[in-house]
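Note that the coordinates shown come from a computational prediction; the quantities given were computed from them, not determined experimentally. Position 1 is the first residue of the sequence, and the numbers go up from there.
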Amino acid sequence: MSSFQHRILKMGLNLSSTLFPTKDINLTLLRETTEFISLVALLPWGVKSNKFKIGTMEAEIIKPVYASEKKKALLYLHGGGFAIGSNQTHRHMVGKIVKDTSTEALLINYRKIPNHACPAPIEDAYAGYQFLLKEGYQANQIVVAGDSAGGGLVCTLFFMLKDKGEKLPKAGICLSPWLDLMHTGETVEDNKYTDPFVKIDEMKRWAEVYAGSKPLDDPYVSPLYGDFSDFPPMLIQTSKNEVLHDDSVRLKKALEDQKIDVTYQEWEDLIHWWQLFWRFIPESDEALTKVSVYINQQFK
């Protein structure tokens with residue numbers, strides 16, 4: 001059973017989704033509401049940030065107040081169904097990882113639907129990776145992480161790097177990744193009433209918009225159908241209660257089939273995006289601590 005704090009959060013989300021259904025909600029309103037709520041989620045003590053642009057793309061560097069002598073970086077790709085989310089919504093969570101790993105993190109506000117379909121977010125993730133390389137980091141000094149749609153972007157960025165013949169980073173981290181935009185996993189139906197953050201009908205509409213002119217099973221759209229050979233070590237986190245749980249289970253199998261080093265961490269009865277609530281939910285703090293331990297192990 002999940003913690004009392006998590007059960008209260010889940011109850012509140014279920015209530016809000018009943019009172020304020022998101023079906024056909026104005027996307028701009030949904031974005032602005034998400035951004036407004038995230039304003040209260042401040043960076044933890046011990047880190048500092050600098051906001052800037054990579055070309056026209058908004059970006060942010062979060063790093064420890066007291067920098068590590070060892071050169072190491074984290075490229076973080078936020079989630080939100082390729083429709084919502086930003087550096088602002090995830091900076092507090094990334095800040096905790098930075099504090100616990102003494103790693104410099106780059107967050108990017110990649111392009112989103114409905115104005116920008118695939119492969120625009122992948123190209124932006126690639127631009128973020130190239131920025132770190134130009135800043136003097138070597139590929140083996142970079143870890144790439146993301147949650148939900150951002151977890152899918154981790155994989156599609158790696159596909160793009162392989163296609164371009166470039167070096168892949170030290171490791172990848174996928175937190176409850178959205179990998180199958182055809183939504184063929186069993187938990188899409190089994191968990192659709194128990195995971196209040198993921199509204200599957202809404203996700204299916206967003207998937208069609210994101211795919212644009214590409215078929216839904218194109219690996220750049222649905223990375224689960226891609227080639228995972230030569231991937232670096234990967235960390236996957238998921239909860240059995242999530243609509244997207246089967247995406248993580250199948251990613252684990254696809255990586256293991258290619259003899260990739262996989263660290264798979266699974267929880268019970270937690271909602272999608274639970275890692276965001278690390279200040280209030282014990283399981284969230286536990287999950288991010290495990291992310292930090294993994295990063296520290298990669299950079300030994």
Side-chain angles (χ1 to χ4, degrees), residues 5 34-55 57-80 85-110 124-125 127-147 150-151 153-154 157 169-175 233 235 237 265 273-300:
Q5 296 95 317
T34 305
E35 295 295 313
F36 178 76
I37 293 172
S38 69
L39 290 175
V40 301
L42 304 177
L43 285 174
W45 291 104
V47 301
K48 57 185 179 180
S49 72
N50 176 44
K51 297 179 180 180
F52 62 103
K53 287 188 176 183
I54 301 174
M57 178 173 62
E58 293 180 352
E60 182 174 7
I61 289 284
I62 300 177
K63 55 186 174 182
V65 172
Y66 301 105
S68 168
E69 291 184 4
K70 191 170 184 178
K71 203 168 179 65
K72 49 187 178 177
L74 171 69
L75 171 60
Y76 196 88
L77 307 170
H78 69 79
S86 69
N87 299 341
Q88 175 61 41
T89 58
H90 285 67
R91 64 197 300 266
H92 68 100
M93 183 178 81
V94 176
K96 173 175 170 52
I97 297 171
V98 167
K99 182 177 180 179
D100 292 345
T101 61
S102 298
T103 301
E104 185 170 308
L106 171 66
L107 295 85
I108 59 166
N109 194 17
Y110 55 82
D124 290 346
Y129 187 72
Q130 292 301 309
F131 173 84
L132 289 174
L133 294 176
K134 290 174 182 176
E135 287 292 297
Y137 290 98
Q138 301 298 312
N140 63 3
Q141 296 173 322
I142 302 172
V143 169
V144 182
D147 60 281
L153 273 180
V154 172
L157 169 61
K170 181 72 172 178
I173 299 172
C174 295
L175 309 180
L235 167 66
Q237 288 189 349
Q265 299 171 349
W273 261 7
W274 87 89
Q275 294 97 336
L276 280 172
F277 302 95
W278 62 273
R279 280 191 168 101
F280 313 107
I281 309 299
E283 296 92 340
S284 308
D285 186 71
E286 177 190 20
L288 292 189
T289 297
K290 288 186 174 184
V291 169
S292 296
V293 168
Y294 181 81
I295 291 173
N296 285 331
Q297 288 173 341
Q298 293 301 314
F299 285 136
K300 274 185 178 179

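With contacts defined as side-chain heavy-atom distances shorter than 4.5 Å, the pair Ile97/Thr103 does not qualify. The shortest side-chain heavy-atom distance between Val143 and Pro169 does not fall under the 4.5 Å cut-off.
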Tell me, with the steps shown, if Gln265 and Tyr294 meet side-chain contact (heavy atoms from CB on, under 4.5 Å). CA-CA 11 Å; Gln265 299 171 349; Tyr294 181 81; 5.6 Å; no

Test side-chain contact (heavy atoms from CB on, under 4.5 Å) on Gln88 and Lys51 and set out the steps. CA-CA 11 Å; Gln88 175 61 41; Lys51 297 179 180 180; 4.2 Å; yes

Show your reasoning for whether side-chain contact (heavy atoms from CB on, under 4.5 Å) applies to Lys96 and Thr289. CA-CA 9 Å; Lys96 173 175 170 52; Thr289 297; 4.1 Å; yes

side-chain contact (heavy atoms from CB on, under 4.5 Å) for Asp100 and Ile295? Distances and angles first, verdict last. CA-CA 10 Å; Asp100 292 345; Ile295 291 173; over 6 Å; no

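Counted by atom type alone, Tyr76 and Asp147 present one or more donor-acceptor pairs between their side chains at under 3.5 Å.
Gly95 and Val47 make their closest contact through O-CG1, 3.7 Å (heavy atoms, listed as atom of the first residue, atom of the second, distance). Shortest non-hydrogen contact noted between Tyr137 and Lys71 is CE2-CG, 3.4 Å. Across all non-hydrogen atoms, the minimal contact from Val154 to Gly172 is CG1-CA, 4.3 Å. When all heavy atoms of Leu106 and Gly128 are compared, the closest pair comes out as CD2-O, 3.4 Å. Annotation for Leu74 and Ala145: closest pair CD1-CB, 3.8 Å, computed over non-hydrogen atoms. Closest non-hydrogen pair, Ala139 versus Tyr129, comes out as CB-OH, 3.4 Å.
Counting only distance, with no hydrogens or angles, the side chain of Gln275 and the backbone of Leu175 share no donor-acceptor pair below 3.5 Å.
To the nearest 0.5 Å, atom NZ of residue Lys48 and atom CG of residue Leu43 are 12.5 Å apart. Rounding to the nearest 0.5 Å gives a distance of 5.0 Å between CG of Leu276 and NE2 of His92. Separating the OG atom in Ser292 from the NZ atom in Lys99 is a distance of 11.0 Å, to the nearest 0.5 Å. Note that CD1 of Ile108 and CG of Leu75 are 5.5 Å apart. Values are rounded to the nearest 0.5 Å. Atoms CZ and NE2, from Arg91 and His78 in turn, are 13.5 Å apart once rounded to the nearest 0.5 Å. Rounded to the nearest 0.5 angstrom, Gln298 CD and Thr101 OG1 are separated by 12.5 Å.
Other residues, nucleotides and ligands contribute at most 12 non-hydrogen atoms within 6.0 Å of the NZ atom of Lys63. Around atom OH of Tyr66, no more than 12 heavy atoms belonging to other residues, nucleotides or ligands sit under 6.0 Å away. Within 6.0 Å of atom CD in Glu286, more than 12 heavy atoms from other residues, nucleotides or ligands are found, so the atom counts as buried in its surroundings.
Taking the six-membered ring for Trp and thresholds of 30 and 60 degrees, His90 and Trp273 have ring planes more than 60 degrees apart, a perpendicular arrangement.
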